[in-house]
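Working notes for the structure below.
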Amino acid sequence: MTTLKHERLIVAGKDITDAGTRWLEERIVKAIQERGVAIIGLSGGSTPGPIYEKLGQSNAIDFTKCYAFMVDERHIAEDHKDSNTLLLRNTLLKGGKFLEENLVRPNTSLPIDQTIRDYDTKMRELFKKGNPDIVCLGLGPDGHLASIFPPANIDAANREDAYVLHTTTEKFAVFDRITVNFIVIRKGREQVFFMKGADKVKVWDEMIGQPNHHERWPAQKVIEDGHTTLIASTD
Ligand SMILES: O=C1O[C@H](COP(=O)(O)O)[C@@H](O)[C@H](O)[C@H]1O
């Protein structure tokens with residue numbers, strides 16, 4: 001019987017910024033100390049921005065040894081309001097400490113099929129430095145993970161020869177999406193989900209209460225590995 005055991009760090013009040021930043025910073029510093037490099041996957045959306053902004057101001061991290069990749073992106077210009085790259089530019093990269101050349105991201109100026117192939121190549125090149133230490137994730141209100149939307153095609157998102165997928169959504173911002181697959185997300189030594197508000201925690205708990213429903217709850221494919229932490233506020 002697969003289990004969905006995970007660490008829960010529920011923050012009283014509205015703000016998970018301090019808890020989330022501290023959680024990431026500790027692990028990034030440790031990875032650099034132990035392996036000489038830290039690699040983190042970064043999701044976008046409405047939740048993680050303040051955490052990324054505070055992390056980008058860290059005085060504890062040697063950012064010359066810290067690399068990041070984007071877990072997913074919308075296929076739009078990088079200066080569009082719904083771009084996850086713009087989110088990172090306005091948060092993690094804002095302080096000037098995180099090096100833009102250390103951020104591996106999709107080239108959304110290409111036609112989407114080329115964007116997918118190009119990003120797949122970039123991901124494989126990055127992982128020559130080692131597997132990700134941390135993958136930061138969110139859970140959409142419908143249960144989507146990265147840009148893998150329910151009902152998820154689990155086999156298509158679980159192929160060793162296709163780390164990056166083109167998905168689409170009519171429910172959320174920007175129809176055409178680029179997303180890494182389960183294999184990339186599960187390469188992470190740890191996964192952390194950032195969530196804000198009691199409504200989101202209810203979605204999470206509904207998912208946890210329905211194990212083995214991967215098409216409906218794609219995040220279960222990640223949580224089943226047993227190294228997931230949930231950091232959430234309840235206000
Ligand atoms: O569209 C997306 O949604 C998910 C969840 O975002 P949130 O705003 O509900 O936290 C996000 O993880 C993903 O990166 C984003 O592209």
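All ligand and atom numbering here is 1-based and tracks the order in the structure. All values derive from a computational prediction rather than experimental measurement.
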* Give yes or no for whether the N/O distance cutoff of 3.5 Å, strictly under, is met between Gly44 and ligand 1. =>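 N/O-N/O distance under 3.5 Å: yes.
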Atoms of ligand 1, numbered as shown, that sit under 4.0 Å from any heavy atom of [X]:
{"X": "Ala146", "result": "13 (C)"}
{"X": "Gly138", "result": "12 (O)"}
{"X": "Asn84", "result": "14 (O), 16 (O)"}

* Check whether NZ of the Lys or CZ of the Arg Lys129 lies under 6.0 Å from the centre of the six-membered ring of Tyr67 and within 45 degrees of that ring's axis. => yes
Test of understanding: given a 4.0 Å heavy-atom threshold, classify the contact between [X] and ligand 1 as side chain, backbone, both, or neither.
{"X": "His144", "answer": "side chain"}
{"X": "Met195", "answer": "neither"}
{"X": "Glu73", "answer": "neither"}
{"X": "Pro48", "answer": "neither"}

* **Other residues, nucleotides, ligands: >12 heavy atoms within 6.0 Å of Glu7 CD** =>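 Not buried by this count: 12 neighbours or fewer within 6.0 Å.
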Examine the side chains of [X] and [Y] and answer whether a donor and an acceptor come within less than 3.5 Å of each other.
{"X": "His166", "Y": "Asp176", "value": "yes"}
{"X": "Asp225", "Y": "His227", "value": "no"}
{"X": "Asp235", "Y": "Ser233", "value": "no"}

Charged N to carboxylate O under 4.0 angstrom, [X] versus [Y]?
{"X": "Arg105", "Y": "Glu73", "value": "no"}
{"X": "Glu125", "Y": "Lys128", "value": "yes"}
{"X": "Glu34", "Y": "Lys30", "value": "yes"}

At what distance is the nearest protein heavy atom to [atom], and which residue and atom is it?
{"atom": "atom 10 (O) of ligand 1", "value": "Thr47 OG1, 2.7 Å"}
{"atom": "atom 6 (O) of ligand 1", "value": "Gly45 CA, 3.9 Å"}
{"atom": "atom 9 (O) of ligand 1", "value": "Lys200 NZ, 2.7 Å"}
{"atom": "atom 8 (O) of ligand 1", "value": "Ser46 OG, 2.6 Å"}
{"atom": "atom 16 (O) of ligand 1", "value": "Asp72 OD2, 2.5 Å"}

* **Heavy-atom donor-acceptor pair, Asp120 side chain to Ala162 backbone, under 3.5 Å** => no
* To do: Please verify whether a non-hydrogen atom of Leu139 lies at under 4.0 Å from ligand 1.
  => yes
* Arg177 near ligand 1 by a heavy-atom separation under 4.0 Å ->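 Per 4.0 Å heavy-atom rule, Arg177 contacts ligand 1.
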* Trp217 and Leu145, any side-chain heavy atoms less than 4.5 Å apart ->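 Heavy-atom side-chain distance check fails, nothing below 4.5 Å.
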